[in-house]
Amino acid sequence: MERKEFLSLVGISVGAVILQNCISGCSSKSDPTPSGNNGGSTSGGGTTTVTGLTGNATASKGTIDFTLDLTASDFATLKDNGKALIVGDVIVAKTKTGDYIAVAKACTHEGTTINFLSDQNKFKCPNHGSEFDTSGSVLLGPAATALKQYKASFDTTKSILSIKA
Ligand code: FES
């Protein structure tokens, strides 16, 4: 095989590999559906369009006041006890005993997004370990300030969960 012929074949092979990687990489579609459990997230009032959210879930855009349609696939996970979702700036959870709760998602220490620990019925920050009860009060530092709590009410007839400041 001549050098020129060899280089030509190598070029084709490398090109084929790059093309194949592009095809497999480019064809993977991003899933717009939010992840479901503790610490899962979706955007509300952000750039992602979600079905079943009405109102404002972003503090910088004004008073937090929104509803979630739990028949919509984006929020159906909140029908289950022990589940939580992040909606805009709020973490919404259904406790293991079936109560809906909602607090600001940002830890008051340095702003890390908190998680809901359903087994322990509390929120925990993954950054430095601050813990908050279901009303947002500090259980364990370094955070010294409570999370903002929102009112959560559920219309069982319509499957609409309302979150308000
Ligand atoms: S950012 Fe949450 S404990 Fe530090």
Side-chain angles (χ1 to χ4, degrees), residues 25 27-165:
S27 66
S28 64
K29 197 174 94 181
S30 62
D31 184 358
T33 306
S35 55
N37 199 357
N38 307 331
S41 67
T42 184
S43 64
T47 55
T48 305
T49 301
V50 291
T51 302
L53 167 66
T54 58
N56 177 42
T58 305
S60 63
K61 293 184 177 175
T63 304
I64 297 286
D65 187 352
F66 62 92
T67 61
L68 303 176
D69 181 351
L70 301 196
T71 65
S73 60
D74 283 338
F75 303 110
T77 190
L78 286 173
K79 288 193 251 180
D80 299 331
N81 291 2
K83 301 289 183 166
L85 277 179
I86 292 173
V87 183
D89 292 330
V90 180
I91 181 166
V92 182
K94 188 176 187 189
T95 66
K96 283 196 135 185
T97 54
D99 296 321
Y100 284 102
I101 55 176
V103 297
K105 73 174 185 182
C107 178
T108 55
H109 180 228
E110 290 181 358
T112 301
T113 297
I114 58 171
N115 295 318
F116 179 59
L117 306 181
S118 61
D119 286 344
Q120 298 169 50
N121 205 36
K122 65 186 176 187
F123 297 96
K124 182 165 185 164
C125 177
N127 200 354
H128 308 108
S130 288
E131 295 180 358
F132 306 87
D133 70 13
T134 54
S135 66
S137 297
V138 176
L139 295 171
L140 183 69
T145 307
L147 299 166
K148 174 151 183 64
Q149 181 183 25
Y150 297 99
K151 294 179 199 131
S153 57
F154 186 58
D155 182 331
T156 52
T157 308
K158 297 177 182 169
S159 279
I160 298 290
L161 177 61
S162 299
I163 308 294
K164 294 177 194 275

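Side-chain atoms are counted along with the backbone in the values below, which use heavy atoms only and exclude waters and symmetry mates.
- With hydrogens and angles disregarded, no donor-acceptor distance shorter than 3.5 Å links the side chain of N127 to the backbone of T112.
- Here CG of N115 is found 6.5 Å from CD1 of I91. Values are rounded to the nearest 0.5 Å.
- Of the N and O atoms on the side chains of N81 and K94, at least one donor lies less than 3.5 Å from an acceptor on the other residue.
- Closest of all the heavy-atom pairs between G82 and S118 is O-CB, 3.3 Å.
- C107 has its side chain out of reach of F123: every pair of non-hydrogen atoms, C-beta onward, lies at least 4.5 Å apart.
- Listed for the D133 side chain is no donor-acceptor partner under 3.5 Å among the backbone atoms of L139.
- Residues A57 and V87 come closest through the heavy atom pair CB-O, 3.7 Å.
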Check against side chain to side chain contact (heavy atoms under 4.5 Å, CB included), V103 and F132: CA-CA 10 Å; V103 297; F132 306 87; over 6 Å; no

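- Atom-to-atom distance recorded for S159:OG and K79:NZ is 6.0 Å, nearest 0.5 angstrom.
- For the pair A93 and F116, the tightest heavy-atom approach, listed with the atom from each and the gap, is CB-CD2, 3.7 Å.
- At a threshold of 4.5 Å between non-hydrogen side-chain atoms, the residues V138 and T145 do not count as touching.
- How far OG1 of T156 is from CG of L70: 11.0 Å, rounded to the nearest 0.5 Å.
- Distance NE2/H109 to NE2/H128: 5.5 Å, rounded to 0.5 Å.
- Here the shortest heavy-atom pairing between A146 and S137 reads CB-CA, 4.0 Å.
- Summarising the geometry, atom CD belonging to Q149 is positioned 10.5 Å from atom CD1 belonging to I163; distances are rounded to the nearest 0.5 Å.
- Listed for the D155 side chain is a donor-acceptor partner under 3.5 Å among the backbone atoms of K158.
- Contact detail for D119 and K96: the closest heavy-atom pair is OD1-NZ, 2.8 Å.
- Going from atom OG of S162 over to atom CG of D65 covers 8.0 Å, rounded to the nearest 0.5 Å.
- Looking at every heavy atom in both residues, L78 comes nearest to Y100 through O-OH, 2.7 Å.
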Criterion side chain to side chain contact (heavy atoms under 4.5 Å, CB included) on N121 and T134, from CA distance to verdict: CA-CA 7 Å; N121 205 36; T134 54; 3.6 Å; yes

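- A heavy-atom distance below 4.5 Å is not found between the side chains of F75 and L161.
- Between the side chain of K105 and the backbone N or O of G88, at least one donor-acceptor pair lies under 3.5 Å.
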